[in-house]
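Since the structure comes first, as structure tokens, the remarks are kept for the end.
Below, chains carry the letters A, B, ... as their sequence lines are ordered, and counting in each starts from 1. Here the structure is a predicted model, which means the values were calculated and not measured.
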Amino acid sequence: SAVISQKPSRDICQRGTSLTIQCQVDSQVTMMFWYRQQPGQSLTLIATANQGSEATYESGFVIDKFPISRPNLTFSTLTVSNMSPEDSSIYLCSVEGAPKNNEQFFGPGTRLTVL
Amino acid sequence: GENVEQHPSTLSVQEGDSAVIKCTYSDSASNYFPWYKQELGKRPQLIIDIRSNVGEKKDQRIAVTLNKTAKHFSLHITETQPEDSAVYFCAASISQAGTALIFGKGTTLSVSS
């Protein structure tokens with residue numbers, strides 16, 4: 001399967017600030033997604049990162065709070081804007097289509113703590 | 001939208017026993033159902049998946065069954081080992097471009113030796 005990396009692996013941020021998380025894949029993939037996993041909880045889909053167009057957001061998530069970019073088939077960013085302690089979570093990117101369609105693999109995650 | 005229910009939330013078995021985790025989904029358009037294993041502090045790992053045109057799939061000690069009519073699918077682990085201890089998540093695809101997934105709440109499996 002594809003090798004997926006995320007930067008940073010963890011960060012501690014002050015409320016009101018923003019953090020941009022990067023996701024890099026070592027091969028071209030058809031789809032990239034962003035998920036959030038709050039402590040001890042399941043994974044929640046934030047959005048589908050569409051290459052060359054605006055991301056598709058799930059209910060409860062908006063572009064102003066979680067702007068997403070996907071400039072090419074191997075890279076995406078998620079920004080968590082105007083952070084509050086409730087944004088403390090693990091943010092994971094995932095990719096589909098490497099090697100098979102439908103199969104989805106996760107990056108190592110970014111552990112965010114907001115003070 | 002899609003909703004995935006997963007049971008039980010915790011499961012404790014003795015080494016060598018079988019473990020079964022069950023999930024139900026709500027959207028009849030869902031056509032892809034993966035299972036992930038997540039060890040503490042690590043990323044979710046895809047362990048097996050099934051597509052809606054298949055009723056059962058096996059891979060060594062793990063198997064997944066799907067009942068499309070009843071909209072439920074199950075993970076079966078035989079001959080459990082302590083290293084099977086982890087949180088297991090089921091998921092179902094939602095109807096949009098690509099295979100965005102809705103996850104169940106997870107099952108914490110503990111295998112004691």
Do B:V20 and B:Y88 share a hydrophobic cluster (ILVMFWY, side-chain heavy atoms under 4.5 Å, transitive)?
no
Considering only heavy atoms from C-beta outward, does the side chain of A:Y35 approach that of B:L101 to under 4.5 Å?
yes
Do you know which of A:G109, A:S94, A:G107 has the most heavy-atom pairs under 4.5 Å to chain B?
A:G107
Same apolar cluster: B:L46 and A:V95, side chain cutoff 4.5 Å
yes
If you draw a 6.0 Å radius around NZ in A:K65, do more than 12 non-hydrogen atoms from other residues or ligands fall strictly inside?
yes
Could you tell me whether the side chain of B:F89 reaches within less than 4.5 Å of the side chain of A:Q37, counting heavy atoms only?
yes
Interface moiety of A:L43 toward chain B, non-hydrogen atoms closer than 4.5 Å:
both
Please state whether the side chain, the backbone, both or neither of A:Q104 comes within less than 4.5 Å of a heavy atom of chain B.
both
hydrophobic_cluster_shared for A:M83 and A:I63, side chain cutoff 4.5 Å
yes
Transitively linked via ILVMFWY side-chain contacts under 4.5 Å: A:V29 with A:L78?
no
Does any heavy atom of chain A fall under 4.5 Å from the side chain of B:P44, the backbone, both, or neither of them?
both
Using atom types as modelled and distance alone, determine if a side-chain donor or acceptor of A:S42 lies under 3.5 Å from a backbone N or O of B:G106.
no
Identify whether B:I62 and B:L109 are in the same connected component of the hydrophobic contact network (ILVMFWY, side-chain heavy atoms under 4.5 Å).
yes
If you define the side chain from C-beta out and look only at heavy atoms, does anything of A:E103 sit under 4.5 Å from B:Y32?
yes
More than 12 non-hydrogen atoms from neighbouring residues, nucleotides or ligands closer than 6.0 Å to CZ on A:R111, yes or no?
no
How many angstroms lie between atom CD of B:Q38 and atom CG of A:L92, to the nearest 0.5 angstrom?
7.5 Å
